[in-house]
Amino acid sequence: MEEQPELIEACLAKWDINWLLHRAAQRVGASFAEEITKFGISLRGQLVLQALANEEVQRTQLKLGAMLGLDKTTLTSELDKLERAGLVTRVPDPNDRRVRTPVITDKGRSLQKEAGDALAEVERAYQARYSAEEMAVIRKVLQDLSKGEGPLQGSCI
């Protein structure tokens, strides 16, 4: 289905901030998703790899899920995929056989860096539409809206 420019302009002028944010997230998210598929992982997979690559202290699956805002089932599924691809391993806790600590492999670290660089290029393309001052305002507004009122619900991806 091809979009009609005049209909889109009418919607942009008429719809509330929720619709506009949702539409913007769809557009940006689709660009990021298209780029990350070139690396054979999902955006969630990249998020997990990034967290593991940047961690100086290892976290259990449970703590990693809480940090990323991913429920146990979603994180386990993502870790399964990453482990099958040789990008992470899960190390059992010697004191509690139910506990696993995900660890990024050298292959995972390399892919995460390459994919992260590619996603940074996608982001730079979006940021190039705006001046540095406008981007500072956009980031501040989005950060403020993301904090919101009350507890955060849902995942960060």
- Task: Measure from the side-chain N and O atoms of K107 to the backbone N and O of A85, and report whether any donor-acceptor pair falls under 3.5 Å.
- Result: yes
- How long is the gap from CZ on R59 to CG on L68, to the nearest 0.5 Å? 8.5 Å
- Common cluster, L70/V99, ILVMFWY with side-chain heavy-atom separation under 4.5 Å: no
- R97 and D93 ion-paired at < 4.0 Å: no
- Query: How many angstroms lie between CZ in R109 and CG in L87, if you round to the nearest 0.5 Å?
  - Reply: 12.0 Å
- Using a 4.5 Å cut-off on heavy atoms from C-beta on, say whether the side chain of S131 contacts that of E134. yes
- Query: Got L142 and L21 here, is their nearest side-chain heavy-atom distance under 4.5 Å?
  - Reply: yes
- Minimum heavy-atom separation for L111 to F39, with atom names? CD1-O, 3.5 Å
- Message: To the nearest 0.5 Å, what is the distance between NZ on K81 and CD on E83?
- Response: 13.5 Å
- Message: For a quick test of reading the model, state the closest non-hydrogen atom pair linking P102 to T60 and the distance between them.
- Response: CD-C, 3.9 Å
- In this structure, CD1 of I41 is separated from CG of L49 (nearest 0.5 Å) by 5.0 Å
- Note on the structure: Closest non-hydrogen atoms of L79 and V48, given as atom of the first, atom of the second and distance, are CD2-CG1, 3.9 Å
- Query: Do M67 and K63 come within less than 4.5 Å of each other through their side chains, counting heavy atoms only?
  - Reply: no
- Message: Once rounded to the nearest 0.5 Å, what's the spacing between atom CG of L75 and atom NZ of K72?
- Response: 10.5 Å
- Min side-chain heavy-atom separation R90-T76 under 4.5 Å: yes
- Task: Flag yes if more than 12 heavy atoms outside Q26 fall under 6.0 Å of its CD atom; otherwise flag no.
- Result: yes
- Query: What pair of heavy atoms forms the shortest contact from A51 to L64, and how long is it?
  - Reply: CB-CD1, 3.9 Å
- Item | CZ-CE distance between R129 and M135, expressed to the nearest 0.5 angstrom | 11.0 Å
- Message: A side-chain contact here means heavy atoms from C-beta on lying under 4.5 Å apart; do L119 and I36 qualify?
- Response: yes
- Mind listing the closest non-hydrogen atom pair of T89 and T105 along with its distance? CG2-CG2, 3.8 Å
- Give a yes or no on whether L52 and V103 share a hydrophobic cluster (residues Ile, Leu, Val, Met, Phe, Trp, Tyr; joining criterion: side-chain heavy atoms under 4.5 Å apart). no
- Query: For R100 and P92, which heavy atoms make the closest approach, and how far apart are they?
  - Reply: NH1-CB, 3.0 Å
- Say whether T101 and Q61, considering side chains only, have a donor N or O and an acceptor N or O under 3.5 Å apart. no
- Item | Donor-acceptor pair between T74 and D71 side chains, under 3.5 angstrom | yes
- Query: Does the side chain of V137 reach to within under 4.5 Å of the side chain of E133, using non-hydrogen atoms?
  - Reply: no
- Any side-chain heavy-atom pair of K113 and D117 under 4.5 Å: yes
